There are 2 protein chains.
Amino acid sequence: MTERILGVLGGMGPLASAQFMLRLTLLTDAERDQDHVPAVLWSDPRVPDRTRGKLSGGDDPLPWLQRGIAGLRQAGCGAIAIPCNTAHGWYREMAESAGCPILHIVDAAAADLARMGIRPGRIGLMGTQATLNMRLYQERMDSLGWDCLTPTQAQMDRNVTPAIGLVKANRVAEAFEPLAEIVNDLSQRGATAVVLGCTEIPLGILAGPAEHLRAPVIDTIDALARVSIAWARGSA
Amino acid sequence: MTERILGVLGGMGPLASAQFMLRLTLLTDAERDQDHVPAVLWSDPRVPDRTRGKLSGGDDPLPWLQRGIAGLRQAGCGAIAIPCNTAHGWYREMAESAGCPILHIVDAAAADLARMGIRPGRIGLMGTQATLNMRLYQERMDSLGWDCLTPTQAQMDRNVTPAIGLVKANRVAEAFEPLAEIVNDLSQRGATAVVLGCTEIPLGILAGPAEHLRAPVIDTIDALARVSIAWARGSA
């Protein structure tokens, strides 16, 4: 039994943070309720769109993110997990004011790549337009020996961005095909694994037949859940 | 977009409250993140076992429940949903101190029975031993014209109680068969529908083939999600 309470800054989107809570539970080694990780989920889907905030002068999400973290801290949380990749574009500002560790989703994805035995070389990276433009993953992955291939701009516009929108509108099953097409194209271009670097993307990918995918994928929801459990158990 | 923030007192068990968050999202009519219901989930699986608390002098869960509600109130929540049927055994005490409405899961189940067109007469009721012994459902259902058939004591001991434990230990798929057997036996005894009056039970039932069930079931997770969305939309 742990005394560490995990704070989950969610709602971005709400389906991704609900799935995070489900996976946090299912990935925990437990025999009864009391063995599971205590957690508070702050699911505020009203946070202004992160991609618009970074790329096209939309409302600034930072005050909303900081308000959520303050609420989680007040509830007694000792670390924060954020199951939204794009929100990590404000990581430095959030970490400076949080007063507790924020478990970084890119570090979690890197740990999962290593766990799966993915050798240095080319990997694929999918994410929101903002995550790719900010180069949230690229430098970190490069320093670890993984070279990130990203979708073309046409693939972003035709497949990835609309599919993320479909998941946010609860049209999860429809998101599978356009996303799987990009996973398979990145694989054909030489990626030995594909990081699903937006938490809506694994939801779409899980809604279709896994046997249609021609590369292993890194689910950043699961990756973040694993480092969260390690933190709660005092081993991270 | 709503200004109403839903508080979810969860962790009992944690898989049930994560599923509640997922269903709250999927049952909401939404086109983008900002259309979804703002919610805070207090998932504290350390709450002492509710059945043991009611039936065999185990630690009192009430102070833990009240602490969770206080945390949710501090976070700005305007109503509380509790995706745990047995915890409603402390409904009166919680409602007296909450300072805001607590959406009752038995009322939610009754609304779902009506929505599904289940006529007055015999229905089946499954739940924890404490929920059945407390008669949490029976009087309310009786007043609405539904007569509750419950599993025999042998069925509780051999099937229902162990299956609830399997879900809490993440062994969800194994819970299907013992639970489906009881649904079908209640149907054979004359139940026109079966209320799954413990939030672990629908998780087990959803993990197996629906075509093996010989009666419609009321999923109390979904039922509570529906009344929660109605509250958030200002229509309840």
Side-chain angles (χ1 to χ4, degrees), chain A residues 1-3 5-6 8 10-50 59 64 67-68 70-72 74-77 84 164-172 200 203, chain B residues 1-3 5-6 8 10-50 59 64 67-68 70-72 74-77 84 164-172 200 203:
Chain A
M1 193 162 95
T2 177
E3 292 308 313
I5 304 172
L6 179 72
V8 183
M12 307 175 282
L15 200 61
S17 55
Q19 172 79 357
F20 176 84
M21 297 304 296
L22 211 61
R23 297 300 294 164
L24 180 75
T25 308
L26 288 171
L27 294 171
T28 296
D29 186 25
E31 287 294 322
R32 48 184 201 134
D33 284 355
Q34 291 74 17
D35 298 332
H36 285 278
V37 175
V40 179
L41 164 64
W42 187 280
S43 181
D44 194 343
R46 299 170 302 176
V47 177
D49 188 87
R50 282 67 62 198
D59 288 343
W64 291 77
R67 181 172 159 246
L72 291 168
Q74 196 158 31
C77 299
C84 170
I164 292 169
L166 285 170
V167 173
K168 289 179 184 293
N170 288 338
R171 295 165 59 187
V172 183
E200 269 71 42
L203 295 168
Chain B
M1 192 160 97
T2 176
E3 292 308 314
I5 303 173
L6 178 72
V8 184
M12 306 175 283
L15 200 62
S17 55
Q19 173 79 357
F20 176 84
M21 296 305 296
L22 211 61
R23 298 298 295 164
L24 179 76
T25 308
L26 288 170
L27 293 171
T28 296
D29 186 25
E31 288 294 321
R32 47 183 202 134
D33 283 355
Q34 292 74 17
D35 298 332
H36 284 278
V37 176
V40 179
L41 164 64
W42 187 280
S43 181
D44 194 343
R46 298 170 303 175
V47 177
D49 188 87
R50 282 67 63 198
D59 289 344
W64 292 77
R67 182 173 158 244
L72 291 168
Q74 196 159 29
C77 298
C84 170
I164 292 169
L166 286 171
V167 173
K168 289 180 184 291
N170 288 337
R171 295 164 59 185
V172 183
E200 270 70 41
L203 295 168

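Within every chain, numbering begins at 1; the chains are lettered A, B, ... in the order of the sequence lines, protein sequences first and strands thereafter. Given the structure is predicted, the values throughout are model-derived calculations rather than measurements. No hydrogens, no waters, no symmetry mates; every other heavy atom, side chains included, goes into these values.
Only the backbone of A:V47 comes within less than 4.5 Å of a heavy atom in chain B; its side chain stays farther off.
Ranked by heavy-atom pairs shorter than 4.5 Å toward chain A, the options B:G11, B:A30, B:G13, B:P14 are led by B:P14. For the set A:G76, A:A18, A:A70, the entry with the most heavy-atom pairs within less than 4.5 Å of chain B is A:A18. Interface remark: of the candidates B:S17, B:A75, B:G71, B:A75 forms the most heavy-atom pairs closer than 4.5 Å to chain A.
Nearest approach of A:A39 to A:L24, heavy atoms of both residues: CB-CD2, 4.2 Å. Taking all atoms of both residues into account, the shortest heavy-atom contact from B:P48 to A:Q34 is C-NE2, 3.9 Å.
Using a 4.5 Å cut-off on side-chain heavy atoms (C-beta onward), B:L22 and A:L15 make contact.
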B:V40/B:Q74 under side-chain contact (heavy atoms from CB on, under 4.5 Å): CA gap, chis, key distance, verdict: CA-CA 11 Å; B:V40 179; B:Q74 196 159 29; over 6 Å; no
